[in-house]
Student: 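Structure incoming, see below.
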Amino acid sequence: MLLENDDLMELHKVLEQKVQEAVKSIFNVDLPTVEFQPTRKDFEGDITVVVFPMLRVVKGNPVQIGNQIGEYLVEHVSEVSKFNVVKGFLNLVIADSYYLDFFNAIMADATYGYAKVNSKDAVMVEYSSPNTNKPLHLGHIRNNLLGYSVAEILKAAGHKVYKTQIINDRGIHICKSMLAWQKFGEGETPESSGLKGDHLVGKYYVAFDKAYKAEVQELVADGKDKATAEKEASILIEAQEMLRKWEAGDNKVVMLWKKMNAWVYEGFDTTYKNMGVDFDKLYYESNTYLLGRDVVKDGLEKGVFFKKEDGSVWIDLTDEGLDEKIVLRSDGTAVYMTQDIGTAIQRVTDFPDINGMVYTVGNEQDYHFKVLFLILKKLGYSWAEKLYHLSYGMVDLPSGKMKSREGTVVDADDLMDSMTATAASISEDLGKLEGYSNEEKQQLYKTIGLGALKYYILKVDPKKRILFNPEESVDFQGNTGPFIQYTYARIQSILRKASNVTLSGIEKSLELHEKEKTLLKQLQIYPETVQLAAENYSPALIANYTYDLVKEFNSFYQQVSILGEADEQKKMLRVALSKKVARVIESSFRLLGVAVPERM
RNA sequence: GGUCGCGUAGCUCAGCUGGAUAGAGCAUCUGCCUUCUAAGCAGACGGUCGAAGGUUCGAAUCCUUCCGCGAUCACCA
């Protein structure tokens, strides 16, 4: 029997059919499904058929049943060359020729692993969405890396993707920075101070908090109780007044707001560029904060919402095990939820092809998004079924939570710089970069430093909180970005030396080394790994896959000689295999937003 | 208090849509650079999978209860 399509699923399908055939012919019963799993390393074989579930329809001893099916398969399926049975596990050895067929088929496929472009629904992925009153910090880094990577993974899985962020450019927090700058800034600008725009504005946010706290303390000393003092501090009143003026369109306030926001955007752009993330569409809260009120009115008529005596509008979600939630204040103004309802609808209007949105937002907003999605469903939007909150745990420091206004944050720019510096110092110690210009070196240090940081953050389950200790630097050895990058660079070195080896189809009759077969099996599951990562919104699955691949490669590299192999066919296979592994590393790392170096 | 999430080796984490003897890395200890890059490889050490019940031929994985940690339950965003 010849396989038309060298796909793992295809092999599973054929095997399933043949196992069913075997059971039918031996026991004369119909087997509904067959369970497969990769054979564990300690046993001989490639694919394992689990016999236990068959006991429901086939009476007998699992070992005996396994043996009988095994014999049938060896006889009737050319891909199955041998088998053994351990307990209720039927281990099948798949013929080398099958894997060589598979390899010949994917060897030249430059987009191996990725699904056909735009074969699935368009989705919008929102991430970052910072406030414009302070620079980005480590928490934003996790957010950005996750959002960007999930967007890339969805693309690879065949979705059209729009990356977006909603910039929280208005509100009391911005007014605080503005007011402090007005009071204490003495006209300071990014140019005059040499500070990055976002850092400059953040400095005044901290300054506001300091002045505010000092005033509160004074008031308390004068005999006020703390809660009252916190409400009555004049600097806070002033900030609130500024917000009112902004909302009224006061020219002077709006001008100041525009000026300071422009500084921040310039700073953000630099940070995003460094981080390697980008967006297709920007939304600004100053444009969207009034959205949603009409929808609420419609929903009120439809009976989705109800009005309380004071005029405020609510939704009752007690049937869903949640509470009542306000969607419009008694004075008719919007709350956060109103805006998010409006913004979601706006996005579908702007991009009519999208069917699904991913919100990359911290897990402290789990409840908010649960409610938001429920409301949109109740309002009857079909796309509401395809909303996903990509929720992630906080990044905490040993000293506790990061707080921008108290200055206890790990700044994004600083962290990236220090990662690059660490990479530089390690690289210089190793001294393998002879012939590289300073510029090339700097570029490489950045690639490695950021690779370490990105991999470190993306390899863990988003739901878990991360304790980040700035004292202990991120590792560069073991299960890390640089380890994987190193393997890539090593392969490039071999390929440079192997430029005289021509790569063409490999002879099917070749006998595979155990390590070669293991590598081919790992390559084979790349496409399904991409799909799985997309379905689970999980960059960690990609990271773990790549790590396994690289570990296998290094073991292979250690055990067999590639360029020293005398047999030309074998040498060609090994070079081609190395090349393919490198391509998959590059491809999977691209999904994580991590670059790979030619040397290191 | 209600709801949600997390709890696996000294540390950081995989495995969680049920399958074989629970896997990696770091740290500690042994070997391996005159041979394709040692940011590597091979190995040792290290586990009552938070606890107790239950379902099952089989449970780290599913269910229940409890314990610990975190988040959330605003006419804030």
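Each chain gets a letter, A, B and so on, in the order its sequence line appears, and its residues count up from 1. The shown structure was predicted, so the numbers you read here are calculated from the model rather than taken from an experiment.
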Student: In whole angstrom, give me the gap between the C1' atoms of B/A44 and B/A20.
Tutor: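 That atom pair is separated by 24 Å.
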
Student: If you draw the axis of the six-membered ring of A/W314, does the NZ or CZ of A/K308 fall within 45° of it and under 6.0 Å from the ring centre?
Tutor: yes

Student: Closest to the A/Q558 side chain: B/G40, B/G5, B/U37?
Tutor: B/G40

Student: Classify the nucleic acid contact of A/K432 as base, sugar-phosphate or nothing, counting any heavy atom under 4.0 Å across all strands shown.
Tutor: base

Student: Side chain of A/D323 only, heavy atoms from C-beta on: which candidate in B/C73, B/A14, B/A74 is closest?
Tutor: B/C73

Student: Check whether NZ of the Lys or CZ of the Arg A/R490 lies under 6.0 Å from the centre of the six-membered ring of A/Y557 and within 45 degrees of that ring's axis.
Tutor: yes

Student: Report the nucleotide, chosen from B/A20, B/C73, B/A77, that has the shortest atom-to-atom distance to any side-chain atom of A/K87.
Tutor: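 In terms of side-chain proximity for A/K87, the closest of B/A20, B/C73, B/A77 is B/A20.
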
Student: Side chain of A/K551: nearest nucleotide among B/U37, B/G15, B/C41?
Tutor: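 Of the options given, the side chain of A/K551 lies nearest B/C41.
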
Student: Looking at B/G40, B/C36, B/A20, which one has an atom nearest to any side-chain atom of A/L563?
Tutor: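 Side chain of A/L563 sits closest to B/C36.
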
Student: Tell me if the centroids of the rings in A/H173 and A/Y205 come within less than 6.0 Å of each other.
Tutor: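 Distance test on ring centres: not under 6.0 Å, no.
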
Student: Side chain of A/R329: nearest nucleotide among B/G15, B/C76, B/C36?
Tutor: B/C76

Student: Select base, sugar-phosphate, or nothing to describe what A/T487 touches, counting heavy atoms under 4.0 Å on all strands.
Tutor: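 A/T487: no heavy atom of the nucleic acid under 4.0 Å.
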
Student: Measure from the side-chain heavy atoms of A/I448 and tell me the nearest of B/A24, B/A39, B/U37.
Tutor: B/A39

Student: Under 3.5 Å for both pairing distances: what stems, at least three Watson-Crick or G-U pairs long, include RNA chain B?
Tutor: B:1-7 with B:67-73, B:10-13 with B:23-26, B:28-32 with B:40-44, B:50-54 with B:62-66

Student: Which residues in residues 38-46 of chain A have at least one heavy atom lying under 4.0 Å from any atom of RNA chain B?
Tutor: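 By residue number: A/R40, A/F43.
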
